[in-house]
Amino acid sequence: MTRLAIVTGSTRTHRRGAAVADWVLTTGRKAAPEGVELELVDLADFALPVLDEPAPAAWGIYAHEHTRRWSEAIAAFDGYVFVTPEYNHGVPGPLKNAIDYLYAEWHHKAVGFVGYGVEGGVRAVEQLRQIASELKLADVGTQVALNTYTDFDYTGVDLGDPAATGVFAPAERHADGLATLLEEVTVWSRALATVRARTDRELTATAS
């Protein structure tokens, strides 16, 4: 079984990310390759403070329970799909903060990106690709770019309300893009399994 986490990158109270992540989960379970298990990992459930560990993440020595809980959650997966908005042409702070809490837990796995925003979240995704390379995450080429104008329905919504998010109504073509993305993440996650296993053996040998 290949386990993939759908990581919700926004923690705002009024956020579109929860609806997008739910769509990735439900649509992905129909479209994912055989033998793939998808699970939602919502950053809002972890309540991570601004990075407060005394040691760099590369040491893997965690002083706080919230870090150990986050580490255990992320380490359990073979690959990831980050669902991310774009804040000020970049990665949302909570997502970058959560990524920086860990190091080895990300290594030799695959990641795909579902972005949303006025421009489809593409600039946030480009930054995440650079971050992924430093963390030895294999980022796949296919991405889903959702537009907050055309992929959300605002019928009957008070557009003067700053908390209004509309109803998520993605164009049908995005389901095909998601299926391709999941196929690529699965292929790379499985291909890297031997690297992960070898690394684990080396770490065990060093520790003994």
Side-chain angles (χ1 to χ4, degrees), residues 3-25 37-118 121-139 143 146 148 161-165 168 185 189 196 199-200 203 207:
R3 300 189 67 212
L4 303 181
I6 301 164
V7 181
T8 308
S10 172
T11 59
R12 289 194 310 110
T13 301
H14 301 288
R15 55 179 178 163
R16 294 179 173 89
V20 176
D22 286 342
W23 171 79
V24 173
L25 180 65
E37 178 181 293
L38 297 176
E39 185 175 329
L40 193 62
V41 176
D42 191 342
L43 288 188
D45 293 335
F46 291 85
L48 292 170
V50 175
L51 184 57
D52 61 351
E53 283 291 332
W59 285 89
I61 301 171
Y62 303 133
H64 303 301
E65 177 58 31
H66 56 254
T67 311
R68 291 190 289 269
R69 180 170 171 252
W70 176 236
S71 171
E72 290 171 5
I74 291 303
F77 293 96
D78 304 299
Y80 312 95
V81 177
F82 287 167
V83 176
T84 182
E86 179 181 310
Y87 291 172
N88 300 314
H89 282 222
V91 179
L95 179 55
K96 182 60 166 66
N97 184 59
I99 291 171
D100 289 344
Y101 257 96
L102 308 177
Y103 188 64
E105 293 87 343
W106 303 112
H107 286 185
H108 310 306
K109 300 178 182 180
V111 63
F113 303 103
V114 175
Y116 61 94
V118 175
V122 295
R123 290 165 293 209
V125 169
E126 283 305 301
Q127 290 183 12
L128 284 167
R129 291 186 185 281
Q130 296 177 50
I131 295 165
S133 67
E134 179 64 23
L135 294 172
K136 303 179 185 179
L137 272 168
D139 60 302
Q143 68 188 64
L146 300 161
T148 49
D161 180 1
T165 60
F168 186 47
V185 171
S189 294
R196 293 195 296 275
T199 301
D200 289 343
L203 289 173

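K96 contributes atom NZ, which lies 3.0 Å from atom CG of D100 (distance to the nearest 0.5 angstrom). Atom-to-atom distance recorded for E126:CD and Q143:CD is 6.5 Å, nearest 0.5 angstrom. Interatomic distance, L48 CG to L102 CG, rounded to the nearest 0.5 Å: 8.5 Å. With values rounded to the nearest 0.5 angstrom, R16 atom CZ is found 6.0 Å from T165 atom OG1. For the atom pair CG (D22) and CD1 (I6), the distance works out to 9.0 Å, reported to the nearest 0.5 Å.
In terms of heavy-atom proximity, R15 sits nearest to D42 at NH2-OD2, 2.7 Å. Taking each heavy atom of T8 and A21 in turn, the nearest pair found is OG1-CB, 3.4 Å. Residue A5 comes nearest to V41 through the heavy atom pair CB-CG2, 3.8 Å, listed as atom of the first residue, atom of the second, then distance. Nearest heavy atoms, V20 versus L146: CG1-CD1, 3.6 Å. Among all heavy-atom pairs drawn from S71 and E105, the shortest one is OG-OE2, 2.6 Å. Here the closest heavy-atom approach between residue P94 and residue T11 is recorded as CG-OG1, 3.4 Å.
Aromatic ring orientation, Y103 versus H107: perpendicular (interplanar angle above 60°, classes split at 30° and 60°).
Aromatic pair W70/Y101: centroids not less than 6.0 angstrom apart.
Counting heavy atoms from C-beta on, the side chains of D52 and H66 come closer than 4.5 Å. In this structure, Y87 and R12 have side chains that are in contact, with non-hydrogen atoms separated by less than 4.5 Å. For the pair S189 and F77, the minimum side-chain heavy-atom distance is 4.5 Å or more. Counting heavy atoms from C-beta outward, P85 and P92 have side chains that approach closer than 4.5 Å. For the pair V24/L40, no side-chain contact is recorded, criterion being any heavy-atom separation below 4.5 Å from C-beta on. Within the 4.5 Å cutoff, side-chain heavy atoms of I99 are placed close to those of F82.
Sorted by first then second residue, the salt bridge (Lys or Arg N to Asp or Glu O under 4.0 Å) pairs that include residues 55-74, not counting sequence neighbours, are E65-R68.
A side chain to side chain donor-acceptor pair (under 3.5 Å) with D78 is found for one member of K109, R196, H108 and no other, namely R196. With V7 as reference, L43 is the one residue of V81, L43, V111 to meet the side-chain contact (heavy atoms from CB on, under 4.5 Å) rule.
Of the N and O atoms on the side chains of Y80 and D139, not one donor lies less than 3.5 Å from an acceptor on the other residue. In this model, a donor atom of one side chain and an acceptor atom of the other lie less than 3.5 Å apart for H89 and R123.
Other residues, nucleotides and ligands contribute over 12 non-hydrogen atoms within 6.0 Å of the CG atom of D161.
Side-chain atoms of W106 do not come within 3.5 Å of backbone N or O of L137 as any donor-acceptor pair. Using a distance-only test at 3.5 Å, with no hydrogens or angles considered, a donor-acceptor pair links the side chain of E53 to the main chain of H64.
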